Each structure stands twice: as structure tokens, then as C-alpha cells.
Participant: 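Dropping a structure here in C-alpha cells format, bear with me for questions.
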Amino acid sequence: MRKPFVAGNWKMNTDSSSCVELSEGIASGATETASAKATVAVFPPFVYLPSVIKALGTSNVSVGAQDVYFEANGAFTGEISTSMLKDIGCTYCLCGHSERRHVIGETDELINKKVAATIAGGLLPVLCVGELLSEREASKTNDVVTRQLEKGLAGLSEEKASAVTIAYEPVWAIGTGLTAKPEQAQEVHDFIRKLLANMYSDELAEAIRIQYGGSAKPDNAAELMAQPDIDGLLVGGASLKADSFLAIIQGAI
Ligand code: PGA
């Protein structure tokens with residue numbers, strides 16, 4: 001059985017006091033749940049990572065970064081390395097979130113380097129994949145997801161790939177209030193799992209967790225999670241309030 005993995009992607013939100021308040025709210029409600037039934041993580045902005053890690057204290061809520069650079073150190077103004085993230089206590093790192101692909105312009109090749117560096121640096125990557133609305137309408141969803149997965153995981157051995165969580169996030173559902181129907185999401189999750197079985201093995205495909213992301217909320221968490229290949233949720237907007245994030249965790253377990 002795959003343990004549900006619920007994560008909050010705070011994007012470019014919160015400030016120095018609200019990040020602590022949100023962390024404390026999540027920690028107080030999620031501690032027992034988190035340890036027993038689900039993996040819970042939050043992805044705050046870089047500058048608030050230390051405050052969030054401190055505020056989460058001994059709770060079982062893990063922390064990850066929303067992005068990382070693939071070089072270890074050196075003259076890369078503005079960038080953050082995996083060793084820096086590890087040094088302050090991060091566990092996870094998002095790689096290839098759709099906003100980084102489509103707003104910032106990251107390529108599959110760059111994302112692949114970030115995934116590889118994340119694993120090499122001892123962190124666990126969450127590789128995000130998903131199609132644009134125009135790609136779905138042109139029946140290209142499977143092609144897009146195949147390209148993003150094959151290029152994103154290129155060069156990774158089975159052992160390394162087993163450290164990865166996949167997040168399927170249809171771009172048209174992110175921040176729009178339009179959630180993929182559970183069956184629509186399940187269809188792509190099933191496709192992704194079969195693709196992973198072809199790329200690696202049935203064992204890896206069975207073990208790897210595939211999160212759904214895109215307007216996940218308290219009132220749709222349970223129905224999404226009821227699908228056999230949806231193993232968790234990557235939550236944006238609804239993770240910015242402790243109550244709604246905790247309700248989503250409850251719906252997911
Ligand atoms: P959303 O964002 O829940 O606000 O749609 C999800 C994500 O981008 O990870």
C-alpha cells in the first residue's frame with residue numbers, strides 16, 4: 001500500500017509572521033495524523049524555510065523547497081543549491097512545477113538536471129507534470145506527460161527514480177477552481193503508472209506515489225483520493241489556511 005502524501009505548495013505567499021502562524025496551525029492539527037496515516041509536507045517560499053522548520057518543531061510535517069538549482073555552489077547569482085536546502089533541514093524539493101515551466105520558462109532538460117541534483121543531494125524530488133488546456137483539447141495529454149516524464153527522469157537508475165514522487169497537475173486546473181474530474185485524473189494517473197512500469201519495472205510503478213494537483217480542496221479531496229492511482233494531493237490555494245489544509249488531509253486518509 002502506498003501511504004497518502006498530502007503537500008501544500010505555498011507559492012509566493014505568506015510573510016514572516018503568517019508563515020509561522022500557518023505552520024503552527026498545521027503542526028497542531030496534523031501531528032498525529034501525519035505520523036500514522038499520511039506523509040504531510042509544506043513547500044514555503046525559500047526565505048521563510050528556516051522559520052517554518054522551526055515553527056513545525058517536532059511535528060511530523062516535512063518541509064520542502066519550491067525549486068532548486070542543479071549546481072553544487074559557485075557563481076550562480078540568485079540561486080539556491082540542494083546542499084543549502086539539506087543544511088537547513090529540508091526533505092523535499094518540487095521540480096518542474098507548471099508555473100516554473102510556463103511562467104519562468106524552464107525546459108525539460110533543466111528540470112531533469114534539477115531532479116538528478118535533488119536526489120544526489122539527498123533530498124526527495126516531487127516531479128510535476130501536466131498538460132495545458134490546448135494540449136488536452138488536442139488530445140495530447142498522454143504525449144505531453146510522456147515527454148515530461150521521460151525527459152524529467154532521463155539518466156536516472158531505478159534506485160534513484162524510486163526516490164521520486166510524481167505530481168500530475170493539469171495546468172488548466174491549477175488556481176482556476178476547475179478540478180479535474182476524479183475519473184479524468186485517474187485516467188492520467190493510470191497512464192503514468194503504466195509508463196513508469198515500462199520505463200523501469202512493475203515494482204517501481206507500484207511503489208511510486210502519484211499526487212494529483214489542481215484546485216484540490218476539502219470538498220473534493222476524498223473523491224479524488226478514492227481513485228486507485230491517486231496517492232496524494234499537491235495543494236496550492238487551499239493549503240494557505242490551516243483549517244482547509246487539515247480538512248484536505250482528513251479527506252485524504
Ligand atoms: P491550486 O495549485 O491548488 O491552487 O490549484 C496547485 C499547485 O499549483 O500545486
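Both ligands and their constituent atoms are indexed starting at 1 by order of listing. None of the values given here were measured: they were computed from a predicted structure.
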Participant: Using heavy atoms and a 4.0 Å limit, tell me yes or no: is Lys11 in contact with ligand 1?
Facilitator: yes

Participant: Heavy atoms only: which of Gly236, Gly130, Gly175 is nearest to atom 5 (O) of ligand 1?
Facilitator: Gly175

Participant: So, the side chain of Arg100 versus the backbone of Cys95: is there a donor-acceptor pair under 3.5 Å, distance only?
Facilitator: no

Participant: Between Arg2 and Glu206 (salt bridge meaning N to carboxylate O under 4.0 Å), is one present in this structure?
Facilitator: yes

Participant: Only heavy atoms of Asn9, strictly under 4.0 Å: list the atoms of ligand 1 that pass.
Facilitator: 9 (O)

Participant: Less than 3.5 Å between some nitrogen or oxygen of Glu169 and one of ligand 1, yes or no?
Facilitator: yes

Participant: Once you restrict to heavy atoms under 4.0 Å, what part of Ile174 touches ligand 1? Side chain, backbone, both or neither.
Facilitator: both

Participant: Below 4.0 angstrom from a heavy atom of His97, which ligand 1 atoms are there? Numbered from 1 as shown, please.
Facilitator: 7 (C), 8 (O), 9 (O)

Participant: Is ligand 1 less than 4.0 angstrom away from at least one heavy atom of Ser215?
Facilitator: yes

Participant: Applying a 4.0 Å heavy-atom criterion (strictly less than), which segment of Ala173 is in contact with ligand 1: side chain, backbone, both, or neither?
Facilitator: backbone

Participant: Taking a cutoff of less than 4.0 Å between a non-hydrogen atom of the residue and any ligand atom, is Gly214 in contact with ligand 1?
Facilitator: yes

Participant: Evaluate the ring planes of Tyr168 and His189, with Trp represented by its six-membered ring, and classify them as parallel (under 30°), tilted (30 to 60°) or perpendicular (over 60°).
Facilitator: perpendicular

Participant: So with a 6.0 Å cut-off around CD of Glu159, is the heavy-atom count from everything else above 12?
Facilitator: no

Participant: Determine, for Lys194 against Asp190, whether the closest basic-nitrogen to carboxylate-oxygen distance falls under 4.0 angstrom.
Facilitator: yes

Participant: Is there at least one pair of N or O atoms, one from Gly237 and one from ligand 1, spaced under 3.5 Å apart?
Facilitator: yes

Participant: Out of Val129, Val171, Leu110, which one pairs with Arg101 under the side chain to side chain contact (heavy atoms under 4.5 Å, CB included) rule?
Facilitator: Val129

Participant: I'd like to know if the side chain of Asp15 pairs up with that of Ser18 as donor and acceptor (distance under 3.5 Å, no hydrogens or angles considered).
Facilitator: yes

